[in-house]
Amino acid sequence: MTLADKLRADFPSITFEESHESKWAAETKTVYFDKNRVHANWSLLHETGHMLANHTNYSTDIELLQMELEAWQKAKEISGKYNISISKEHIEDCLDSYRDWLYKRSLCPTCAHTGLEKTSGTYSCINCGATWQVTRERFCRVYRKTKTPA
């Protein structure tokens, strides 16, 4: 019996569906997983962790990072039940990818200092006062568009 089969039995109200990507879709209560991925079971537990943490959506980049951390914590909590040990280094590598993404988005396009996300997708520089917008996409190159003052 695969991990996906065990999770289906333990969480009958959730759909576990093979896909080319791993993600939790709260709107359809579906965990998508790629069984051919390196560390596929860890990813599957992580996405199940999003479900267990009742993650639906996020407003700010830091909220997304917090949700990723919570999902890994939930994955670690349930991993023992399935006799799976998730590498701490793997978790940190995954979280680092989000930290790096967030850092790149926070760099001011005017002076290259770190800014703060004031509202969803809008950053402001604490050094020069510039403001810029970033895309909601998580898996693409970081784009920053400077906003013109009103």
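Because the structure is a prediction, the values reported are computed rather than measured.
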Before we go on, tell me: are the rings of Trp42 and His90 under 6.0 Å apart, centre to centre?
yes
Answer yes or no: are there more than 12 heavy-atom neighbours, outside Tyr82 itself, under 6.0 Å from its atom OH?
yes
Please evaluate residues Glu77 and Leu52 with respect to the criterion side-chain contact (heavy atoms from CB on, under 4.5 Å), reporting the C-alpha separation (whole Å), side-chain torsions for both, the decisive distance (0.1 Å), and the verdict.
CA-CA 10 Å; Glu77 287 174 19; Leu52 292 171; over 6 Å; no
What do the steps show when you test Leu116 against Ser124 for side-chain contact (heavy atoms from CB on, under 4.5 Å), and what is the final call?
CA-CA 5 Å; Leu116 300 172; Ser124 178; 5.7 Å; no
About how many Å separate CD of Glu117 and CD of Gln133, when rounded to the nearest 0.5 Å?
11.0 Å
Strictly distance-based, threshold 3.5 Å: is any side-chain N or O of Ser120 a donor or acceptor partner for the main-chain N or O of Ser59?
yes
Test side-chain hydrogen bond (donor to acceptor under 3.5 Å, both in side chains) applied to Asp5 and Thr2, step by step
CA-CA 5 Å; Asp5 292 333; Thr2 68; 3.1 Å; yes
Let me confirm one number: the OG-CG distance from Ser97 to Leu95, rounded to the nearest 0.5 Å.
7.5 Å
So which heavy atom on Thr56 is nearest to which on Met67, and how close?
N-CE, 4.3 Å
Heavy-atom closest pair, residues His55 and Ala71
CE1-N, 4.0 Å
Which word best sums up how the rings of Tyr98 and Trp101 line up, parallel for under 30°, tilted for 30 to 60°, or perpendicular for over 60°?
perpendicular
Return yes when atom NE2 of His39 has more than 12 non-hydrogen atoms of other residues, nucleotides or ligands closer than 6.0 Å, and no otherwise.
yes
Pairwise side-chain contact, Ile91 with Lys76, heavy-atom cut-off 4.5 Å (strictly under)
yes
Any side-chain to backbone donor/acceptor pair from Arg37 onto Glu21? Under 3.5 Å, distance only.
no
Any chance the side chains of His46 and Glu68 put a donor and an acceptor closer than 3.5 Å?
yes
Using the six-membered ring wherever Trp is involved, compare the ring planes of Tyr123 and Trp132 and label them parallel, tilted or perpendicular (cut-offs 30° and 60°).
parallel
Using 0.5 Å steps for rounding, measure from the NZ atom of Lys81 to the CG atom of Leu7.
8.5 Å
Quick check against the 3.5 Å criterion: does Thr110 have a side-chain atom that pairs as donor or acceptor with the backbone of Ala130?
no
Using every non-hydrogen atom in the two residues, find where Lys35 and Ala40 come nearest and quote the distance to one decimal.
O-CB, 3.6 Å
I'd like to know whether Ile126 forms a side-chain contact (heavy atoms from CB on, under 4.5 Å) with Thr114, so could you lay out the CA-CA distance, the side-chain angles of the two residues, the decisive distance to 0.1 Å, and finally the verdict.
CA-CA 7 Å; Ile126 58 177; Thr114 304; 5.5 Å; no
Assess whether side-chain hydrogen bond (donor to acceptor under 3.5 Å, both in side chains) is satisfied between Ser19 and Glu17, documenting all intermediate values.
CA-CA 6 Å; Ser19 176; Glu17 187 174 312; over 6 Å; no
Between Asp61 and Arg105, which heavy-atom pair has the shortest distance, and what is it?
OD2-NE, 2.7 Å
Nearest 0.5 Å, please: how far is CH2 in Trp24 from CD in Glu47?
10.0 Å
Determine whether Leu64 and Tyr32 fall in the same hydrophobic cluster, where Ile, Leu, Val, Met, Phe, Trp and Tyr are linked whenever their side-chain heavy atoms lie under 4.5 Å apart.
no
To the nearest 0.5 Å, what is the distance between CG on Leu45 and CD1 on Ile78?
5.0 Å
Side chain proximity check, Phe33 to Ser43, heavy atoms < 4.5 angstrom
no
Would you call Glu92 and Arg99 a salt bridge, taking side-chain N to carboxylate O under 4.0 Å as the test?
yes
May I have the step-by-step check of side-chain contact (heavy atoms from CB on, under 4.5 Å) for Cys125 and Cys111, ending in yes or no?
CA-CA 8 Å; Cys125 182; Cys111 72; 3.5 Å; yes
First locate atom OG1 of Thr48, then atom CZ of Phe16, and finally report the distance between them rounded to the nearest 0.5 Å.
4.0 Å
Co-membership, hydrophobic cluster, residues Ile62 and Val134, 4.5 Å side-chain:
yes
